[in-house]
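Everything below concerns the one structure shown next.
A note on names: the letters A, B, ... follow the listed sequences, proteins ahead of strands, and every chain is numbered from 1. Source: prediction; values computed, not measured. Scope of the values below: all heavy atoms of this structure, side chains included, with no hydrogens, waters or symmetry mates.
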Amino acid sequence: MKRLPMPVRPNWEEVAREHGFHFHRIDGELYWDESACYSFTLDEIEQGLEDPAQELADMCLDLVSEVVGDEYQLNRLGIPEMFHDLVRDSWQRNEPSLYGRFDFAFDGTGPAKLYEYNADTPTSVYEAAFFQWKWLEDMIASGHLPDSADQFNSIQERLIETFSTFQVPEVMHFASMAGSEEDRATVEYLRDCAMQAGLSTRQMLMEDIGTDSSGLFVDGDNQPIHWLFKLYPWEFMWEDSFAPNVVRCDTTFVEPPWKMVLSNKGLLPLLWERFEGHPNLLPAWFHDPDEPPPCDSYVVKPLLSREGANVHVVEDNREVYASGGMYGGRRYVGQALHMVPYVDGHGPVCGVWIVGNRACGLGIREDNGPITSDASRFVPHIILDERG
Amino acid sequence: MKRSKSLSLLLMGSVALGVSACDSQQDDVRVFSSIQDCIASDLFSYSECKSFMDEALSNTPAFTSQADCEAQFGAGACQAGTQGAPQDGSQVVQGSGSMWMPMLAGFMAGHFLSRGMSMAGSQGLYKGPDAQGPAKAGTAGTLRTATGDPVKADSRGRVSGASPKVMQSMTHNARPAMGRSGMGTRGGFSGGGAYGGGGS
């Protein structure tokens with residue numbers, strides 16, 4: 001695994017615009033960065049990332065089947081009691097999952113270590129699935145990369161395949177929250193894939209969802225919402241005034257309620273308890289500030305948080321880093337400290353995409369600080385098989 | 001091969017042409033001609049669009065005479081109204097005759113950063129005096145703020161190259177973008193407890 005400097009396509013901003021990629025800068029900072037790429041061998045991809053991600057995805061499903069009927073475990077995960085039946089029923093009904101992303105520390109040597117599983121509302125799917133692919137095609141066409149260059153990326157193909165298995169009776173609704181261009185574009189991209197799979201779709205805002213006289217969900221035209229893709233985390237749904245409606249409604253949610261078990265940082269200690277010593281897992285525990293942690297250097301993260309908010313890094317029992325953010329809560333998990341590896345002076349985090357429970361692609365984000373947040377840069381990757 | 005042979009998009013990029021290259025800032029402020037236009041953008045909810053519009057209306061300048069209003073906004077651009085604050089700062093006396101206000105041609109609204117905080121706000125837009133006169137190339141239909149500053153939007157309605165003065169008057173009317181509220185049977189999904197700071 002190497003980080004190679006690359007020439008930037010002179011017209012890349014135009015290419016981005018033509019393909020609906022309008023958030024390639026975030027807060028004025030470059031987000032899509034093609035001045036470099038990460039280069040892997042096929043073995044590094046297949047043995048280092050793809051196989052472990054697939055194994056973890058399967059382990060996660062086994063874990064869900066154990067946990068959904070276990071009140072004690074659901075409580076440890078902080079899932080409100082009101083939602084326990086919903087979680088169990090959605091699993092027993094076999095409600096489909098669309099996608100998720102495992103974030104790994106990996107530098108090509110030694111086993112990839114799982115930081116966390118973004119199993120409910122992952123973003124950066126468009127840049128990984130489409131724009132990264134387009135970049136490689138352009139670089140091969142312009143002769144900057146050889147014809148043999150490849151990429152671990154059938155994400156979009158898998159998204160379309162997975163959507164085509166959804167038994168949607170009429171229209172599938174796609175919703176994000178108002179005010180985020182990035183979220184809106186992510187939802188638009190997934191809707192694009194759903195349409196390519198032959199589904200009828202409609203895009204809307206979470207804030208515009210209403211209920212009818214029986215408390216069932218309707219869209220802005222008071223049409224029923226039978227299937228809803230929501231880029232909106234389950235832990236927000238718990239707190240919303242519509243929470244009682246969610247429990248009683250006839251809407252099929254994507255991601256499904258059983259994903260609450262996996263999108264929760266409590267997944268990490270649950271995995272460690274079952275598979276202690278697994279090469280791709282870091283030691284993890286439910287963190288109690290009054291109990292001595294099992295090791296001196298560790299990271300404490302809220303049970304429920306996203307995008308690197310409210311993370312504390314403790315090195316030799318001394319706090320060395322803390323990130324602000326508004327996802328704070330009272331319950332935390334601890335995870336043994338494993339710094340982002342440095343590859344040619346940069347700290348990449350490898351996000352392996354799981355679509356329809358199959359590991360099918362990679363997107364890399366790098367950051368200047370020790371915690372990957374939504375201000376990280378997305379850097380494309382290639383596979384160059386040095387044997388060939 | 002570990003990657004797909006061919007990929008295409010149906011939706012993405014279909015409205016992308018004509019956006020200027022510098023159109024990638026953190027701010028997302030757009031020009032809307034009406035509440036319906038705002039809702040149709042899918043960027044804001046009905047209640048947000050309504051409050052943007054109300055805000056724009058309530059900040060529309062009012063004049064005690066038609067002549068004063070027309071001097072600033074052009075002949076025929078003003079109508080009698082009872083809302084708004086008099087431009088000279090005096091109190092509106094209820095029932096003592098109406099004020100003259102420029103007709104709202106639309107509003108600019110959206111989210112932007114101000115002193116590091118994410119803000120939501122809007123302000124009214126009006127046709128300037130030049131809309132009535134012989135149209136100079138490129139200026140016909142130019143919208144102006146209440147203080148007469150021209151506002152330009154690209155084909156997606158996104159405001160580009162707004163002057164500091166235009167953004168300053170946006171800030172004046174703005175509120176932090178975090179708090180969202182829904183009414184009645186809509187808006188029950190409003191960000192969970194995350195924005196309220198509570199929750200367990």
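Between B/R158 and A/E181, at least one side-chain nitrogen of the basic residue sits less than 4.0 Å from a carboxylate oxygen of the acidic one, meeting the salt-bridge criterion.
Across every non-hydrogen atom of A/H19 and B/L9, the tightest pair is O-CD1, 3.9 Å. Heavy-atom minimum distance, A/Q196 versus B/S8: NE2-O, 2.8 Å.
Contact count against chain B (heavy-atom pairs under 4.5 Å) is highest for A/W133 among A/Y189, A/F152, A/W133. When A/N245, A/D219, A/I155, A/V246 are compared by the number of non-hydrogen pairs under 4.5 Å with chain B, A/D219 comes out ahead. Between chain B and the residues A/D150, A/L205, A/I45, the most heavy-atom pairs under 4.5 angstrom are made by A/D150. Of the listed residues (A/R158, A/E46, A/K134), the greatest number of heavy-atom pairs within a distance under 4.5 Å of chain B belongs to A/E46. Most heavy-atom pairs under 4.5 Å with chain B, from the set A/A175, A/G361, A/G220: that is A/G220. No other option in A/F217, A/F23, A/W238, A/F21 has as many heavy-atom pairs under 4.5 Å with chain B as A/F217.
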_Applying side chain to side chain contact (heavy atoms under 4.5 Å, CB included) to A/F130 and B/M12, what does each step give before you reach the verdict?_
CA-CA 11 Å; A/F130 185 84; B/M12 301 282 289; over 6 Å; no

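Once rounded to the nearest 0.5 Å, the distance linking CG of B/L10 with CE of A/M195 reads 5.5 Å. Atoms CD and CG, from A/Q156 and B/L7 in turn, are 4.5 Å apart once rounded to the nearest 0.5 Å. Once rounded to the nearest 0.5 Å, the distance linking NZ of A/K230 with CZ of B/F189 reads 9.5 Å. With rounding to the nearest 0.5 Å, the separation of SG in B/C49 from CG in A/D208 is 8.0 Å.
Without hydrogens or angle criteria, A/E137 side chain to B/K5 main chain gives no donor-acceptor distance under 3.5 Å. Between the side chain of A/D240 and the backbone N or O of B/S190 there is at least one donor-acceptor pair closer than 3.5 Å. Panel note: side chain A/N153, backbone B/R3; no donor-acceptor pair is recorded below 3.5 Å.
For A/E50, the salt bridge (charged side-chain N to carboxylate O under 4.0 Å, His left out) test picks out B/K2, with sequence neighbours left out. Residues satisfying the side-chain hydrogen bond (donor to acceptor under 3.5 Å, both in side chains) criterion with B/D37, sequence neighbours excluded, are B/S33.
Proximity to chain B is absent for every atom of A/I160, based on heavy atoms less than 4.5 angstrom apart. At a 4.5 Å heavy-atom cutoff, the contact between A/A149 and chain B is made by backbone atoms alone.
In this structure, A/R358 places its CZ atom where only 12 or fewer heavy-atom neighbours from other residues, nucleotides or ligands lie under 6.0 Å away.
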